Amino acid sequence: MSLSVDTVRRLTEIVGPANVQHSPEERIAYSYDATAMLAHPPEAIVFVESTPQISDVMKLANTEGFKVVPRGSGTNLSGGTVPMENCVVLVTVKMDKILEIDPRNLTALVEPGVLTARIDEAANAHGLFYPPDPGSIKISTIGGNVAENSGGLRGLKYGVTRDYVLGLEVVLPTGELLRCGTKCVKDVAGYSLRDLFIGSEGTLGIVTRILLKLLPRPATRRTMLATFDAMTDAAETVSDIIAQKIIPCTLEFLDRTTIRCVEDYAKIGLPLDAEAILLMETDGHPVVVEEESTRMIELARAHHARDVRTAKDAAEAEKLTSARRSAFSALARVSPTTILEDATVPRSELAAMIAFIQQTAAKHQLRIGIFGHFGDGNLHPTFLCDERNPDEIKRVHTAFREIFEKAITLGGTITGEHGVGLAKKEFLPQLAGPTGMDVMRTLKRTLDPNNVLNPGKIFD
Ligand SMILES: Cc1cc2nc3c(=O)[nH]c(=O)nc-3n(C[C@H](O)[C@H](O)[C@H](O)COP(=O)(O)OP(=O)(O)OC[C@H]3O[C@@H](n4cnc5c(N)ncnc54)[C@H](O)[C@@H]3O)c2cc1C
């Protein structure tokens with residue numbers, strides 16, 4: 001361990017002895033996150049309980065020269081919380097209070113360690129709704145969601161985390177406290193600083209409070225599952241639904257490999273011989289839901305859906321939705337290593353991108369499952385492989401390079417929601433260009449002159 005005894009003592013003074021860990025076993029536990037094949041142990045782990053503690057840790061990092069990696073639940077899929085040399089991992093899960101639900105202004109004020117599902121539960125008690133619902137909603141923190149600008153299954157209609165952040169309290173890398181944003185629906189005073197921190201992957205500041213926008217809860221919801229014998233039919237159903245100016249809250253798909261893995265895992269009764277299933281959900285006023293769901297079923301049938309199942313009640317809807325929510329976990333069971341990406345393309349290019357991914361997997365003799373947010377053009381090609389097989393891993397990396405290049409050629413992006421982190425930083429310059437990279441580096445240097453906060457993420 002390269003932290004001096006004195007530095008550990010001072011960290012202990014800031015957060016208390018119960019909140020500092022540095023045994024070899026504890027360091028291993030915080031050396032990795034949900035990303036495959038990336039790990040490096042931190043020097044120590046500190047659990048913070050207040051904003052002043054975070055501020056003091058950052059001031060100490062600047063004077064003592066150690067690095068700080070903010071961490072919520074560690075469920076990110078881009079290596080965002082994997083430490084580099086000389087790092088302290090700063091965990092926010094003890095800052096887990098919902099400070100306020102304000103039904104008059106439709107807002108919630110929360111600490112960063114609150115699990116995302118709890119926010120919607122608290123909103124629900126007031127007839128309100130917090131829409132962003134990443135697949136990890138029950139385990140990820142809102143601080144992590146803000147730092148990754150996470151999306152979810154309802155993103156098509158309701159947008160992503162950024163669309164719900166009204167204000168932030170942030171500890172800057174140098175330890176100063178910044179507050180930005182208000183409860184006002186309209187607020188254009190100065191640069192939109194909160195937007196700078198949303199999606200900054202813990203590199204520009206540590207979020208300590210979040211003011212969120214809530215919506216009235218939709219009166220009703222209908223969930224349907226359509227089964228197809230051809231992936232192109234599912235893709236065309238999605239294109240047609242959008243072309244008919246219907247914006248459902250959810251349009252998610254699973255391919256054949258994913259369907260089989262999910263069924264084996266969750267026993268939902270999915271058709272094992274289907275090429276694709278499409279999870280469709282519409283919500284809102286009962287009349288609109290009735291009209292939209294009828295039209296969506298017609299469109300799925302017009303594109304040769306073999307079967308369209310409509311959930312009879314909330315319990316069945318939950319069961320059908322769980323088919324999609326459990327996709328990653330189900331795929332992860334079948335091979336030692338699961339490498340999941342989130343290449344994203346304009347919706348019009350979905351069919352082309354899926355065909356390219358399937359061809360690329362076949363060309364490199366790789367096993368792949370594909371699922372994702374069809375309505376957002378956000379795909380999760382997931383390679384099922386074994387990191388102990390270097391030849392296979394080399395082919396996986398070649399395949400991903402080809403997939404990202406294709407996504408960029410089709411007008412898409414290298415990540416729709418998982419962030420760049422360590423995993424995708426080599427691809428960012430191609431997308432951002434030299435000026436874009438320069439602007440990002442200038443921002444980082446300005447806010448973090450000693451490069452102490454989550455170094456090496458997004459770019460070197
Ligand atoms: C099964 C599964 C399903 C998933 N489904 C989705 C999905 O549908 N959509 C989606 O977008 N993602 C999804 N993810 C990815 C992941 O859950 C999200 O990126 C989530 O937002 C991470 O939250 P976390 O609390 O785990 O953050 P962490 O993994 O701990 O951290 C993520 C990043 O945020 C930074 N960070 C954490 N807290 C703070 C803070 N308070 N201030 C500043 N920076 C901070 C970290 O440094 C890191 O860079 C999924 C992951 C899994 C394992």
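Since the model is a prediction, treat every value here as computed from it, not as a measurement. In listed order, ligands and their atoms are each counted from 1.
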**Item:** Per-residue contact class, Asn454 against ligand 1 - non-hydrogen pairs under 4.0 Å
**Value:** side chain
**Item:** Minimum-distance protein heavy atom relative to atom 43 (C) of ligand 1
**Value:** Gly205 O, 3.4 Å
**Message:** So that I know where these two stand, are Phe400 and Phe427 an aromatic pair - ring centroids less than 6.0 Å apart?
**Reply:** no
**Message:** On a heavy-atom basis, I'd like to know which of Ser136, Pro134, Gly151 is closest to atom 11 (O) of ligand 1.
**Reply:** Gly151
**Item:** Closest approach of any protein heavy atom to atom 40 (C) of ligand 1, naming residue and atom
**Value:** Val207 N, 3.8 Å
**Ligand-residue contact atoms, ligand 1 with Gly80, heavy atoms, under 4.0 Å** = 47 (O), 48 (C), 49 (O)
**Item:** Atom indices of ligand 1, in the order listed, that fall short of 4.0 Å to a heavy atom of Gly135
**Value:** 3 (C), 5 (N), 6 (C), 7 (C), 8 (O)
**Item:** Closest protein heavy atom (residue, atom, distance) for atom 51 (C) of ligand 1
**Value:** Thr75 O, 3.3 Å
**Message:** Heavy atoms only, cut-off 4.0 Å: how does Glu148 contact ligand 1, side chain, backbone, both, or neither?
**Reply:** side chain
**Asked** What is the nearest protein non-hydrogen atom to atom 27 (O) of ligand 1, stated with its residue, atom name and distance?
**Response** Gly144 CA, 3.4 Å
**Fill in**
For Pro112, the ligand 1 atoms with a heavy-atom partner under 4.0 Å come out as 41 (N)
**Request:** Please state which part of His418 comes within less than 4.0 Å of ligand 1, counting heavy atoms only: side chain, backbone, both or neither.
**Result:** side chain
**Asked** Which of the numbered atoms in ligand 1 are below 4.0 angstrom from a heavy atom of Ser73?
**Response** 24 (P), 25 (O), 26 (O), 30 (O)
**Message:** Tell me the protein heavy atom at minimum distance from atom 35 (C) of ligand 1, and give that distance in Å.
**Reply:** Ala147 CB, 3.5 Å
**Asked** Do any N or O atoms from the side chain of Ser23 and from the backbone of Glu26 form a donor-acceptor pair under 3.5 angstrom?
**Response** yes
**Complete:** Closest to atom 1 (C) of ligand 1 among protein heavy atoms sits Phe328 CD2, 3.4 Å
**Prompt:** With only distance considered, is Glu201 within less than 3.5 Å of ligand 1 through an N or O on each side?
**Reply:** yes
**Prompt:** Would you call Ile206 a ligand 1 contact, heavy-atom distance under 4.0 Å?
**Reply:** yes
